[in-house]
Amino acid sequence: MPELPEVETVRGGIAPHVVGRRVVRVIVRDRRLRWPVPTSLGNELPGQTFRSVTRRAKYLLLSADRGTVILHLGMSGSVRIVPRDTPPAKHDHVDIVMDNGYCLRLRDPRRFGALLWSRADPISHRLLRNLGPEPLGADFTSEYLFRVSRGRRIALRDLLLDSHIVVGVGNIYANEALFAAGLRPQRAAGRTTRAQCAAIVAAVRRTLTRAIRAGGTTLRDFQNVDGLPGYFQQTLQVYNRKGEACPRCGSRIKGLRIGQRSAFYCPDCQL
DNA sequence: CTTTTGACCTGACAGC
DNA sequence: TGCTGTCAGGTCAAAA
């Protein structure tokens with residue numbers, strides 16, 4: 001469910017409730033997430049204080065005194081800050097109880113998310129080690145994108161989804177950014193010019209930045225920490241708008257499948 | 001090496 | 001009211 005803007009929205013939402021708080025205990029009701037929630041989390045985290053909440057790709061990193069909680073929301077994960085005695089709902093799998101009477105509660109119906117504990121630097125964790133550059137960072141440049149796309153027949157949409165190329169971009173924002181760049185999602189990545197790569201990079205950055213400002217996109221069930229939806233879906237130009245009028249030229253937006261996942265584009269605005 | 005496919009899960013929704 | 005089929009914002013591992 002969440003892409004970079006949604007994860008960033010969650011990061012900003014939980015940070016003020018978490019940083020400086022000491023963990024009292026960890027309650028695991030169901031450890032069967034994408035990988036089992038490690039017993040070391042419950043053994044080692046209590047007694048430690050959270051020092052910062054940062055993000056790498058779609059991972060949230062809750063740094064404590066002698067380790068880091070690595071949290072990924074998968075497709076359906078969400079976190080809330082609730083009073084510790086709030087009865088858990090279905091799919092509320094883990095509580096991290098803090099010393100102020102509140103807890104960080106993780107809900108994840110599909111259980112594609114992950115909650116891990118890293119004693120060492122989380123950046124060298126096997127899940128984070130081989131990730132590509134941050135899309136809003138200085139390393140994601142048109143020259144970089146041009147270089148890594150040479151000789152690739154993969155669809156542009158799928159190149160943007162590849163976390164080894166660039167992180168944080170999911171299916172919604174990949175489609176939206178390619179609309180903004182004027183390139184069809186199914187176009188072969190290798191068949192792009194330097195100028196087109198520059199347009200893609202600029203479009204990715206602008207799309208993500210705007211979405212963060214809007215508090216993310218809520219299509220079905222994304223909620224921020226306060227239980228409120230994001231507002232960027234009102235700004236979506238093509239995603240999930242098959243058959244509707246292109247906001248730029250009025251043509252009918254097309255939908256197609258690339259691999260197993262749907263893609264959307266305007267046949268007149270995108271080459 | 002690149003690209004595609006299958007796998008992991010539950011829930012919402014459309015259509016009958 | 002049910003049933004069935006389809007789809008979903010992620011991403012890893014294995015197959016081709």
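Protein chains get the first letters and strands the later ones, always in sequence-line order, with residue 1 at the start of each. Keep in mind the model is a prediction, meaning the values are calculated, not measured.
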Nucleotide of [options] approaching [X] most closely (side-chain heavy atoms):
X	options	result
A/R153	B/dT3, C/dT11, B/dG6	B/dT3
A/S262	C/dT11, B/dC9, C/dG9	C/dG9
A/E6	C/dG10, C/dC12, C/dG9	C/dG9

What is the nucleic acid contact for [X], judged by heavy atoms within less than 4.0 Å: base, sugar-phosphate only, or nothing?
X	value
A/T217	base
A/I154	sugar-phosphate
A/R107	nothing

Worksheet item: Does A/R194 count as lying over the ring of A/F146, i.e. NZ or CZ under 6.0 Å from the six-ring centre, within 45 degrees of the axis?
Response: yes
Discussion item. For a quick test of reading the model: is some side-chain N or O of A/R152 closer than 4.0 Å to OP1 or OP2 of B/dT3?
Written reply: yes
Gap between atoms [atom1] and [atom2], on [X] and [N] respectively (whole Å):
X	N	atom1	atom2	value
A/D162	B/dT4	CG	P	12 Å
A/L71	C/dG10	CG	P	15 Å
A/I258	C/dG10	CD1	P	14 Å

Practice prompt. Please indicate whether A/Y102 has more than 12 foreign heavy atoms, meaning atoms of other residues, nucleotides or ligands, lying under 6.0 Å from its OH.
Written response: no
Practice prompt. Decide, yes or no, whether a salt bridge links A/D95 with A/R25 under the criterion of side-chain N to carboxylate O below 4.0 Å.
Written response: no
Item to complete: Go through the N and O atoms of the side chain of A/R111 and the base of B/dC9, and report whether any donor-acceptor pair is under 3.5 Å.
Response: no
Practice prompt. Test for a donor-acceptor pair under 3.5 Å between the base of C/dA8 and the side chain of A/R261, counting only N and O atoms.
Written response: no
Worksheet item: Under the criteria of a ring-centre distance below 5.5 Å and an interplanar angle below 30°, is A/F112 stacked with the base of B/dC9?
Response: no
Worksheet item: Can you tell me which stems DNA chain C forms when a stem means 3 or more consecutive Watson-Crick or G-U pairs under 3.5 Å?
Response: B:2-8 with C:10-16, B:10-16 with C:2-8
